[in-house]
Amino acid sequence: MKKYMTLLAAVVAAVSLAACTPTTEKNASTAGTPTSEAFKADTMEERNKGNENLPVQAAISIYQINDDRSGLEQKMDSLETEDVEPQGLIDKMIEYGILDEGTQVLSFENTDGKGVLNLNQITSQEDPFEIRLVVESIVNTFTENFELEGGLILQENGQVYTIDSVEADEDGTMYYDDAYDEMI
């Protein structure tokens, strides 16, 4: 039995060596192939090769009213423009059901990181908490997308729009609410 096991081990070793030994065919097929590939830098140009004809899109963040209507949730989306545009954000907010159909940007100014957004209408909601959700959604969406460190003054047809449940400066400036996910 010992001889049989030794013979079997020798056959297995011979087959293993034969499988690992380079052959002239194997050597011929790999001739001229580098043993390791050159490192390519991971750049935007490398990633986007072949995509030159795709439309340029601006990445945006929308603060949508969450399912149980207790606060907001952040959603990532894009606009089919190179830059973030105020009316594009408003259109996305209409698409997400935050703002009423027909809401238009009358003007938007960003001066030294402080924004003034004038809309033709803010909301048709009558419930004070629902109004707060809409206002906080607008403020968070605009302050984040336009990097408004100085806050946002919201206007409706040129008149400063504030509500008691959202803290605002004397001039009506409101700020990003980082506790947006649970407002109840």
Side-chain angles (χ1 to χ4, degrees), residues 42-48 51-125 127-184:
D42 188 19
T43 63
M44 288 306 288
E45 291 81 19
E46 283 296 317
R47 287 186 210 162
N48 291 330
N51 296 326
E52 292 83 8
N53 295 326
L54 292 177
V56 178
Q57 296 186 334
I60 60 169
S61 178
I62 299 288
Y63 286 84
Q64 177 185 13
I65 299 169
N66 64 19
D67 290 338
D68 66 2
R69 305 194 80 72
S70 64
L72 306 174
E73 61 185 2
Q74 183 184 29
K75 297 284 187 169
M76 299 306 292
D77 208 325
S78 63
L79 299 176
E80 291 189 17
T81 61
E82 192 168 339
D83 298 316
V84 176
E85 296 176 353
Q87 188 61 52
L89 286 177
I90 294 299
D91 291 344
K92 281 293 181 182
M93 294 178 83
I94 292 169
E95 184 181 312
Y96 279 86
I98 303 160
L99 297 174
D100 297 329
E101 227 19 84
T103 303
Q104 295 290 316
V105 174
L106 300 177
S107 64
F108 177 71
E109 297 172 21
N110 181 353
T111 308
D112 298 325
K114 184 173 187 172
V116 178
L117 175 63
N118 186 12
L119 299 174
N120 67 330
Q121 60 187 13
I122 304 293
T123 183
S124 61
Q125 296 289 335
D127 177 77
F129 188 70
E130 292 288 325
I131 294 170
R132 178 182 178 199
L133 290 173
V134 171
V135 169
E136 293 278 15
S137 175
I138 295 168
V139 172
N140 277 15
T141 297
F142 273 79
T143 56
E144 181 166 321
N145 286 289
F146 288 103
E147 300 175 7
L148 302 174
E149 297 293 325
L152 178 73
I153 297 174
L154 186 58
Q155 296 178 344
E156 184 175 45
N157 294 309
Q159 300 297 311
V160 174
Y161 187 92
T162 59
I163 56 175
D164 292 337
S165 59
V166 177
E167 190 176 323
D169 291 346
E170 205 171 289
D171 66 352
T173 304
M174 294 179 270
Y175 299 91
Y176 181 90
D177 182 358
D178 58 356
Y180 60 84
D181 56 343
E182 248 349 276
M183 292 186 193
I184 292 181

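Just the heavy atoms: all of them, side chains too, but no hydrogens, waters or symmetry mates, feed the values below.
Between the Gln87 side chain and the Val105 main chain, a donor and an acceptor come within less than 3.5 Å of each other. In terms of modelled atom types and a separation under 3.5 Å, the side chain of Gln104 and the main chain of Ile90 share no donor-acceptor contact.
Once rounded to the nearest 0.5 Å, the distance linking CD1 of Ile138 with CG of Leu133 reads 11.5 Å. Note that CD of Glu109 and NZ of Lys114 are 12.0 Å apart. Values are rounded to the nearest 0.5 Å. Between the CD1 atom of Ile131 and the OG atom of Ser165 there is a distance of 8.0 Å, given to the nearest 0.5 Å. Rounding to the nearest 0.5 Å places CE of Met174 at 10.5 Å from OG1 of Thr143. Once rounded to the nearest 0.5 Å, the distance linking CG of Leu89 with CD1 of Ile94 reads 11.0 Å. In this structure, CD in Glu156 is found 11.0 Å from CG in Leu117, a value given to the nearest 0.5 Å.
In the displayed structure, Glu147 atom CD is contacted under 6.0 Å by at most 12 heavy atoms of other residues, nucleotides or ligands. Few gaps surround CG on Asp68; more than 12 heavy atoms of other groups in view lie less than 6.0 Å from it. Annotation for Asp127: atom CG counts as buried by contact number, over 12 foreign heavy atoms lying within 6.0 Å. For Glu167, the CD atom is loosely surrounded, since the number of other residues' heavy atoms within 6.0 Å does not exceed 12.
Using a 4.5 Å heavy-atom threshold, the side chains of Leu152 and Phe108 count as touching. Looking at Leu106 and Leu119, their side chains never come closer than 4.5 Å, going by heavy atoms from C-beta outward. Between Asn120 and Thr103 there is a side-chain heavy-atom pair separated by less than 4.5 Å. Annotation: side chain of Arg69 is not in contact with side chain of Phe129 (no heavy-atom distance under 4.5 Å).
Contacts of Glu95 classified as salt bridge (Lys or Arg N to Asp or Glu O under 4.0 Å), with partners at least two apart in sequence or in another chain: Lys92.
Ring-plane geometry between Tyr176 and Tyr63 is classed as perpendicular, the angle between the planes exceeding 60 degrees on a 0 to 90 degree scale with a lower cut at 30.
When all heavy atoms of Asp177 and Met183 are compared, the pair lying nearest together is OD2-CE, 4.3 Å. The two atoms that bring Phe142 and Leu148 nearest to each other are O-CD1, 3.6 Å, heavy atoms only.
A donor-acceptor contact under 3.5 angstrom links the side chains of Asp77 and Tyr96, judged on distance only.
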Test side chain to side chain contact (heavy atoms under 4.5 Å, CB included) applied to Thr141 and Ile98, step by step: CA-CA 11 Å; Thr141 297; Ile98 303 160; 5.9 Å; no
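Listed by first and then second residue, the ring pair (Phe, Tyr, Trp, His ring centres under 6.0 Å) pairs involving residues 153-174 amount to none (not counting sequence neighbours).
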